[in-house]
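Structure record follows, encoded as C-alpha coordinates.
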Amino acid sequence: MSSTETGSRYAGLDLLASAVLLTDGAGQVHYANPAAENLLELSLKSLQRHRLPDLFLNGMELAALCNQVLIHQYADLRQDLTLQRSGREPLHVNSIVCALGQGELLIELRENVQQLKLDREERILDQSQANKELIRNLAHEIKNPLGGIRGAAQLLELELPPHHLADLQEYTQVIIKEADRLQTLVDRLLAPHRKPHIVGDVNIHEVCERVRSLILAEFPQGLTIRRDYDASIPEFRGDMEQLIQVVLNIAHNAAQALQSRIAQGDAEIVLRTRVARQVTLAKVRYGLALDLHIIDNGPGIAPEIRDRIFYPLVSGRDGGSGLGLTLAQTFVQQHLGVIECESRPGLTDFRILLPLP
Ligand SMILES: Nc1ncnc2c1ncn2[C@@H]1O[C@H](COP(=O)(O)OP(=O)(O)OP(=O)(O)O)[C@@H](O)[C@H]1O
Ligand SMILES: [Mg+2]
(Lines give C-alpha, C1' and ligand atoms only; values in the text may rest on other atoms or scores of the structure.)
(Ligands and ions follow the chains in the order given, each with its own letter.)
Protein backbone atom coordinates (compact mmCIF):
# COMPACT_ATOMS: atom_id res chain seq x y z
CA MET A 1 0.00 0.00 0.00
CA SER A 2 1.38 3.43 -0.87
CA SER A 3 1.80 6.02 1.84
CA THR A 4 -0.76 8.39 0.26
CA GLU A 5 -3.27 5.58 0.18
CA THR A 6 -2.61 4.92 3.87
CA GLY A 7 -2.85 8.63 4.56
CA SER A 8 -6.31 9.03 3.09
CA ARG A 9 -7.56 5.76 4.51
CA TYR A 10 -6.73 6.84 8.05
CA ALA A 11 -7.21 10.59 7.74
CA GLY A 12 -9.82 10.56 10.54
CA LEU A 13 -7.22 9.23 12.95
CA ASP A 14 -5.27 12.46 12.60
CA LEU A 15 -7.90 14.15 14.72
CA LEU A 16 -7.64 11.78 17.67
CA ALA A 17 -6.02 12.85 20.93
CA SER A 18 -4.65 9.38 21.62
CA ALA A 19 -1.60 8.13 19.77
CA VAL A 20 -2.40 5.68 16.97
CA LEU A 21 0.07 3.79 14.77
CA LEU A 22 -0.44 1.37 11.93
CA THR A 23 2.15 -1.35 11.36
CA ASP A 24 2.54 -4.46 9.26
CA GLY A 25 3.07 -7.89 10.76
CA ALA A 26 6.80 -7.27 11.10
CA GLY A 27 6.20 -4.12 13.14
CA GLN A 28 7.20 -1.78 10.33
CA VAL A 29 5.41 1.56 10.85
CA HIS A 30 3.23 2.63 7.93
CA TYR A 31 1.29 5.42 9.53
CA ALA A 32 1.30 7.41 12.77
CA ASN A 33 -1.15 10.17 13.72
CA PRO A 34 0.10 13.53 15.07
CA ALA A 35 -0.61 12.47 18.65
CA ALA A 36 1.76 9.51 18.14
CA GLU A 37 4.41 11.82 16.69
CA ASN A 38 4.03 13.97 19.81
CA LEU A 39 4.10 11.14 22.30
CA LEU A 40 7.12 9.42 20.75
CA GLU A 41 8.80 12.74 19.89
CA LEU A 42 9.52 11.53 16.35
CA SER A 43 8.15 12.72 13.03
CA LEU A 44 6.00 10.50 10.82
CA LYS A 45 8.90 10.28 8.36
CA SER A 46 11.38 8.98 10.89
CA LEU A 47 8.78 6.67 12.42
CA GLN A 48 8.20 5.13 8.99
CA ARG A 49 11.87 4.20 8.81
CA HIS A 50 11.55 1.98 11.91
CA ARG A 51 9.98 -1.13 13.23
CA LEU A 52 7.92 0.06 16.20
CA PRO A 53 9.50 -2.31 18.79
CA ASP A 54 12.97 -1.07 17.77
CA LEU A 55 12.14 2.36 19.18
CA PHE A 56 12.24 1.04 22.74
CA LEU A 57 14.92 -0.67 24.79
CA ASN A 58 12.32 -3.20 25.95
CA GLY A 59 10.47 -3.31 22.63
CA MET A 60 10.18 -7.11 22.97
CA GLU A 61 7.14 -6.67 25.24
CA LEU A 62 5.28 -4.65 22.65
CA ALA A 63 6.41 -7.03 19.89
CA ALA A 64 5.14 -9.98 21.92
CA LEU A 65 1.77 -8.28 22.38
CA CYS A 66 1.51 -7.70 18.61
CA ASN A 67 2.49 -11.28 17.85
CA GLN A 68 -0.14 -12.64 20.18
CA VAL A 69 -2.81 -10.69 18.33
CA LEU A 70 -1.53 -11.95 14.97
CA ILE A 71 -0.99 -15.57 15.94
CA HIS A 72 -4.21 -16.09 17.88
CA GLN A 73 -6.19 -13.77 15.64
CA TYR A 74 -7.58 -11.88 18.62
CA ALA A 75 -9.71 -8.88 17.76
CA ASP A 76 -7.67 -6.84 20.21
CA LEU A 77 -5.43 -7.07 23.28
CA ARG A 78 -4.81 -4.50 25.96
CA GLN A 79 -1.86 -4.13 28.30
CA ASP A 80 -0.18 -1.47 30.44
CA LEU A 81 3.40 -1.07 29.29
CA THR A 82 6.38 0.94 30.43
CA LEU A 83 8.34 1.67 27.28
CA GLN A 84 11.98 2.37 28.02
CA ARG A 85 13.82 4.78 25.74
CA SER A 86 17.51 5.50 25.77
CA GLY A 87 18.34 8.85 27.33
CA ARG A 88 14.73 9.81 27.97
CA GLU A 89 12.04 9.31 30.59
CA PRO A 90 10.21 5.98 30.25
CA LEU A 91 6.73 6.16 28.76
CA HIS A 92 3.92 4.68 30.82
CA VAL A 93 1.12 3.76 28.42
CA ASN A 94 -2.12 1.83 28.23
CA SER A 95 -1.75 0.06 24.88
CA ILE A 96 -4.43 -1.52 22.71
CA VAL A 97 -3.39 -3.61 19.72
CA CYS A 98 -6.11 -4.38 17.13
CA ALA A 99 -5.84 -6.72 14.17
CA LEU A 100 -7.02 -5.13 10.93
CA GLY A 101 -6.67 -8.25 8.79
CA GLN A 102 -3.95 -9.09 6.23
CA GLY A 103 -1.31 -8.91 8.95
CA GLU A 104 -1.93 -5.22 9.64
CA LEU A 105 -2.10 -3.93 13.19
CA LEU A 106 -3.55 -0.78 14.68
CA ILE A 107 -1.76 0.19 17.89
CA GLU A 108 -3.20 2.74 20.24
CA LEU A 109 -1.03 4.19 23.02
CA ARG A 110 -2.55 6.29 25.76
CA GLU A 111 -0.24 7.91 28.26
CA ASN A 112 -0.84 6.70 31.79
CA VAL A 113 -0.86 10.05 33.60
CA GLN A 114 -1.63 8.48 36.97
CA GLN A 115 1.54 6.38 36.78
CA LEU A 116 3.57 9.43 35.79
CA LYS A 117 2.30 11.32 38.82
CA LEU A 118 3.04 8.40 41.14
CA ASP A 119 6.60 8.20 39.78
CA ARG A 120 7.14 11.86 40.49
CA GLU A 121 5.70 11.67 43.99
CA GLU A 122 7.85 8.67 44.75
CA ARG A 123 10.94 10.57 43.67
CA ILE A 124 10.01 13.57 45.82
CA LEU A 125 9.38 11.32 48.82
CA ASP A 126 12.75 9.59 48.46
CA GLN A 127 14.45 12.93 48.07
CA SER A 128 12.80 14.46 51.10
CA GLN A 129 13.67 11.44 53.22
CA ALA A 130 17.32 11.70 52.18
CA ASN A 131 17.26 15.42 52.99
CA LYS A 132 15.83 14.80 56.43
CA GLU A 133 18.44 12.20 57.20
CA LEU A 134 21.16 14.63 56.21
CA ILE A 135 19.71 17.44 58.30
CA ARG A 136 19.32 15.22 61.32
CA ASN A 137 22.93 14.04 61.17
CA LEU A 138 24.13 17.58 60.68
CA ALA A 139 22.03 18.82 63.60
CA HIS A 140 23.51 16.15 65.87
CA GLU A 141 27.03 17.14 64.84
CA ILE A 142 26.29 20.77 65.71
CA LYS A 143 24.49 19.98 68.93
CA ASN A 144 27.33 17.99 70.49
CA PRO A 145 30.05 20.67 70.65
CA LEU A 146 27.54 23.44 71.34
CA GLY A 147 27.24 22.66 75.03
CA GLY A 148 31.04 22.65 75.29
CA ILE A 149 31.36 26.02 73.57
CA ARG A 150 28.77 27.59 75.86
CA GLY A 151 30.34 26.08 78.97
CA ALA A 152 33.83 27.22 78.00
CA ALA A 153 32.56 30.79 77.45
CA GLN A 154 30.99 30.77 80.93
CA LEU A 155 34.23 29.55 82.52
CA LEU A 156 36.17 32.16 80.60
CA GLU A 157 33.83 34.83 81.90
CA LEU A 158 34.65 33.79 85.49
CA GLU A 159 38.38 34.15 84.76
CA LEU A 160 38.17 37.64 83.25
CA PRO A 161 40.38 40.19 85.04
CA PRO A 162 38.10 42.48 87.09
CA HIS A 163 39.39 45.71 85.47
CA HIS A 164 38.45 44.37 81.99
CA LEU A 165 35.27 42.62 82.99
CA ALA A 166 32.87 45.10 81.43
CA ASP A 167 34.44 45.28 77.94
CA LEU A 168 35.45 41.60 77.65
CA GLN A 169 32.20 40.26 79.00
CA GLU A 170 30.52 41.69 75.91
CA TYR A 171 32.37 39.07 73.84
CA THR A 172 31.68 36.12 76.09
CA GLN A 173 28.01 37.13 76.13
CA VAL A 174 27.92 37.08 72.31
CA ILE A 175 29.28 33.52 72.36
CA ILE A 176 26.74 32.42 74.97
CA LYS A 177 23.76 34.08 73.26
CA GLU A 178 24.66 32.74 69.81
CA ALA A 179 25.21 29.26 71.26
CA ASP A 180 21.74 29.46 72.81
CA ARG A 181 20.19 30.59 69.54
CA LEU A 182 21.83 27.70 67.68
CA GLN A 183 20.69 25.32 70.39
CA THR A 184 17.06 26.32 69.85
CA LEU A 185 17.44 25.97 66.08
CA VAL A 186 19.03 22.55 66.38
CA ASP A 187 16.36 21.39 68.81
CA ARG A 188 13.71 22.40 66.31
CA LEU A 189 15.57 20.55 63.56
CA LEU A 190 15.61 17.42 65.67
CA ALA A 191 12.06 17.77 67.00
CA PRO A 192 10.24 16.10 64.08
CA HIS A 193 11.91 12.83 64.88
CA ARG A 194 9.79 12.35 67.91
CA LYS A 195 7.36 9.59 67.03
CA PRO A 196 3.67 10.53 67.10
CA HIS A 197 1.82 9.80 70.33
CA ILE A 198 -1.27 8.14 69.05
CA VAL A 199 -3.43 8.10 72.10
CA GLY A 200 -6.87 8.51 70.69
CA ASP A 201 -9.23 9.42 67.92
CA VAL A 202 -8.84 12.80 66.33
CA ASN A 203 -11.73 14.96 65.29
CA ILE A 204 -10.33 17.17 62.55
CA HIS A 205 -12.82 19.94 63.26
CA GLU A 206 -11.63 20.14 66.85
CA VAL A 207 -8.11 20.62 65.42
CA CYS A 208 -9.34 23.36 63.08
CA GLU A 209 -11.25 25.14 65.84
CA ARG A 210 -8.21 25.18 68.14
CA VAL A 211 -6.07 26.66 65.37
CA ARG A 212 -8.77 29.16 64.52
CA SER A 213 -8.90 30.53 68.04
CA LEU A 214 -5.10 30.62 68.38
CA ILE A 215 -4.70 32.58 65.15
CA LEU A 216 -7.57 34.95 65.96
CA ALA A 217 -6.05 35.63 69.36
CA GLU A 218 -2.85 36.73 67.64
CA PHE A 219 -4.55 38.62 64.78
CA PRO A 220 -7.75 39.94 66.35
CA GLN A 221 -8.52 42.52 63.72
CA GLY A 222 -8.77 42.59 59.92
CA LEU A 223 -8.63 38.80 59.51
CA THR A 224 -11.62 36.53 58.90
CA ILE A 225 -11.24 32.79 59.30
CA ARG A 226 -14.06 31.09 57.44
CA ARG A 227 -14.97 27.47 58.18
CA ASP A 228 -16.23 25.25 55.42
CA TYR A 229 -16.58 21.89 57.14
CA ASP A 230 -18.00 18.57 56.02
CA ALA A 231 -19.53 17.35 59.27
CA SER A 232 -19.70 13.74 58.06
CA ILE A 233 -15.92 13.22 58.29
CA PRO A 234 -15.21 10.34 60.67
CA GLU A 235 -12.67 10.50 63.48
CA PHE A 236 -9.35 8.76 62.90
CA ARG A 237 -6.37 7.53 64.93
CA GLY A 238 -3.71 10.19 65.23
CA ASP A 239 -1.65 12.53 67.37
CA MET A 240 -3.88 15.52 68.01
CA GLU A 241 -1.06 17.77 69.25
CA GLN A 242 1.00 17.11 66.12
CA LEU A 243 -1.94 17.78 63.83
CA ILE A 244 -2.69 21.05 65.60
CA GLN A 245 0.96 21.99 65.04
CA VAL A 246 0.61 21.15 61.33
CA VAL A 247 -2.48 23.26 60.73
CA LEU A 248 -1.20 26.03 62.99
CA ASN A 249 2.14 26.31 61.14
CA ILE A 250 0.34 26.59 57.81
CA ALA A 251 -2.32 29.01 59.03
CA HIS A 252 0.32 31.07 60.80
CA ASN A 253 2.30 31.44 57.57
CA ALA A 254 -0.91 32.49 55.85
CA ALA A 255 -1.65 35.14 58.49
CA GLN A 256 1.92 36.45 58.22
CA ALA A 257 1.62 36.64 54.43
CA LEU A 258 -1.67 38.50 54.82
CA GLN A 259 -0.21 41.46 56.74
CA SER A 260 -1.15 44.14 54.23
CA ARG A 261 -4.65 42.78 53.70
CA ILE A 262 -5.06 42.60 57.48
CA ALA A 263 -4.28 46.31 57.54
CA GLN A 264 -6.96 46.87 54.86
CA GLY A 265 -9.35 44.61 56.76
CA ASP A 266 -10.13 42.10 53.98
CA ALA A 267 -7.75 39.25 54.82
CA GLU A 268 -9.32 35.81 54.72
CA ILE A 269 -8.25 32.29 55.58
CA VAL A 270 -10.56 29.40 54.72
CA LEU A 271 -10.41 26.07 56.55
CA ARG A 272 -12.12 23.52 54.31
CA THR A 273 -12.65 19.85 55.05
CA ARG A 274 -13.88 17.22 52.61
CA VAL A 275 -13.61 13.49 52.07
CA ALA A 276 -11.71 12.16 49.07
CA ARG A 277 -12.29 8.69 47.69
CA GLN A 278 -9.86 6.23 46.11
CA VAL A 279 -6.63 8.13 46.59
CA THR A 280 -3.02 6.96 46.57
CA LEU A 281 -0.91 8.45 49.37
CA ALA A 282 2.79 7.63 49.56
CA LYS A 283 2.34 4.61 47.27
CA VAL A 284 -0.60 3.14 49.23
CA ARG A 285 -4.17 3.14 47.97
CA TYR A 286 -6.96 4.18 50.37
CA GLY A 287 -10.70 4.03 49.87
CA LEU A 288 -11.31 7.11 51.98
CA ALA A 289 -9.16 10.09 52.91
CA LEU A 290 -9.49 13.42 54.65
CA ASP A 291 -8.98 16.31 52.25
CA LEU A 292 -8.16 19.44 54.27
CA HIS A 293 -7.46 22.80 52.65
CA ILE A 294 -6.02 25.91 54.25
CA ILE A 295 -6.55 28.71 51.76
CA ASP A 296 -5.58 32.37 52.00
CA ASN A 297 -6.11 35.39 49.76
CA GLY A 298 -2.60 36.77 50.31
CA PRO A 299 0.10 37.63 47.77
CA GLY A 300 1.18 34.02 47.13
CA ILE A 301 4.48 32.30 47.75
CA ALA A 302 7.48 34.07 46.24
CA PRO A 303 8.33 32.31 42.96
CA GLU A 304 12.01 31.92 43.82
CA ILE A 305 11.26 29.65 46.79
CA ARG A 306 8.02 28.05 45.57
CA ASP A 307 9.60 24.68 44.72
CA ARG A 308 11.54 24.47 47.96
CA ILE A 309 9.20 25.65 50.72
CA PHE A 310 9.08 22.23 52.38
CA TYR A 311 12.86 22.07 52.66
CA PRO A 312 14.35 23.00 56.01
CA LEU A 313 15.80 26.50 56.43
CA VAL A 314 14.02 27.87 53.36
CA SER A 315 12.30 31.08 54.35
CA GLY A 316 10.95 34.08 52.52
CA ARG A 317 10.54 36.34 55.51
CA ASP A 318 12.86 38.29 57.75
CA GLY A 319 13.45 36.42 60.95
CA GLY A 320 11.87 33.23 59.60
CA SER A 321 13.74 30.04 60.41
CA GLY A 322 12.21 28.09 57.56
CA LEU A 323 11.22 25.12 59.68
CA GLY A 324 7.44 25.51 59.99
CA LEU A 325 6.56 23.69 56.79
CA THR A 326 9.29 21.08 57.19
CA LEU A 327 7.79 20.15 60.54
CA ALA A 328 4.28 20.16 59.09
CA GLN A 329 5.38 17.85 56.28
CA THR A 330 7.13 15.44 58.62
CA PHE A 331 4.13 15.20 60.92
CA VAL A 332 1.76 14.63 58.01
CA GLN A 333 4.04 11.92 56.63
CA GLN A 334 4.13 10.28 60.04
CA HIS A 335 0.34 10.08 59.75
CA LEU A 336 0.82 8.38 56.33
CA GLY A 337 -0.52 11.43 54.54
CA VAL A 338 0.72 13.94 52.01
CA ILE A 339 0.81 17.71 51.90
CA GLU A 340 0.73 19.75 48.69
CA CYS A 341 0.58 23.41 47.82
CA GLU A 342 -0.67 25.53 44.97
CA SER A 343 -0.08 29.24 44.99
CA ARG A 344 -0.62 32.30 42.85
CA PRO A 345 -1.16 35.94 43.80
CA GLY A 346 -4.48 36.18 45.63
CA LEU A 347 -4.84 32.45 46.33
CA THR A 348 -2.58 30.07 48.21
CA ASP A 349 -3.98 26.62 48.91
CA PHE A 350 -2.25 24.12 51.18
CA ARG A 351 -3.85 20.70 50.91
CA ILE A 352 -3.43 17.89 53.41
CA LEU A 353 -4.58 14.36 52.59
CA LEU A 354 -4.74 11.81 55.41
CA PRO A 355 -6.04 8.25 55.30
CA LEU A 356 -9.43 7.73 57.00
CA PRO A 357 -10.71 4.45 58.42
N1 LIG B 1 0.45 31.17 52.76
C2 LIG B 1 1.63 31.67 52.35
N3 LIG B 1 1.68 32.77 51.56
C4 LIG B 1 2.87 33.26 51.13
N5 LIG B 1 4.06 32.73 51.44
C6 LIG B 1 4.09 31.63 52.21
C7 LIG B 1 2.88 31.04 52.70
N8 LIG B 1 3.23 29.95 53.42
C9 LIG B 1 4.57 29.88 53.40
N10 LIG B 1 5.10 30.89 52.68
C11 LIG B 1 6.53 31.11 52.41
O12 LIG B 1 7.23 29.93 52.70
C13 LIG B 1 8.31 30.20 53.60
C14 LIG B 1 8.59 28.99 54.44
O15 LIG B 1 7.63 28.81 55.46
P16 LIG B 1 8.01 28.07 56.80
O17 LIG B 1 6.82 28.08 57.69
O18 LIG B 1 8.62 26.75 56.48
O19 LIG B 1 9.17 28.97 57.40
P20 LIG B 1 9.04 30.42 58.05
O21 LIG B 1 7.60 30.80 58.24
O22 LIG B 1 9.86 31.35 57.23
O23 LIG B 1 9.76 30.22 59.45
P24 LIG B 1 9.20 29.46 60.76
O25 LIG B 1 10.17 28.34 60.98
O26 LIG B 1 9.17 30.46 61.82
O27 LIG B 1 7.83 28.92 60.40
C28 LIG B 1 7.83 31.42 54.36
O29 LIG B 1 8.94 32.16 54.86
C30 LIG B 1 7.08 32.21 53.30
O31 LIG B 1 7.98 32.96 52.53
MG1 LIG C 1 6.27 29.51 59.25
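Throughout, numbering of the chain's residues begins at 1 and tracks the sequence. All ligand and atom numbering here is 1-based and tracks the order in the structure.
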Quick one, I301 and N253 - any side-chain contact, counting heavy atoms below 4.5 Å? no
Basic-acidic side-chain contact under 4.0 Å: R210, E241: yes
Report the protein N/O/S neighbours of the Mg ion (ligand 2) that fall below 2.8 Å; do not count waters. N253 OD1
Counting only heavy atoms and a distance below 4.0 Å, can you name the residues contacting ligand 1? R188, N253, A254, A257, D296, G300, I301, I305, I309, V314, S315, G316, R317, G320, S321, G322, L323, G324, L325, T348, F350
T273 and D230 have their tightest heavy-atom pair at OG1-N, 2.9 Å
Rounded distance (nearest 0.5 Å) linking atom CZ of R308 with atom CG of L325: 13.0 Å
Please tell me whether N94 and D80 have a donor and an acceptor in their side chains that are separated by less than 3.5 angstrom. yes
Consider only side-chain N and O atoms of Q245 and N249, and report whether a donor and an acceptor are under 3.5 Å apart. yes
So which of V314, I309, D307 actually passes side-chain contact (heavy atoms from CB on, under 4.5 Å) with Y311? V314
Where is the tightest heavy-atom contact between A276 and D291, given as atom of each residue plus distance? CB-CB, 4.2 Å
For R272, is there an ion pair with D228 - N to carboxylate O distance below 4.0 angstrom? yes
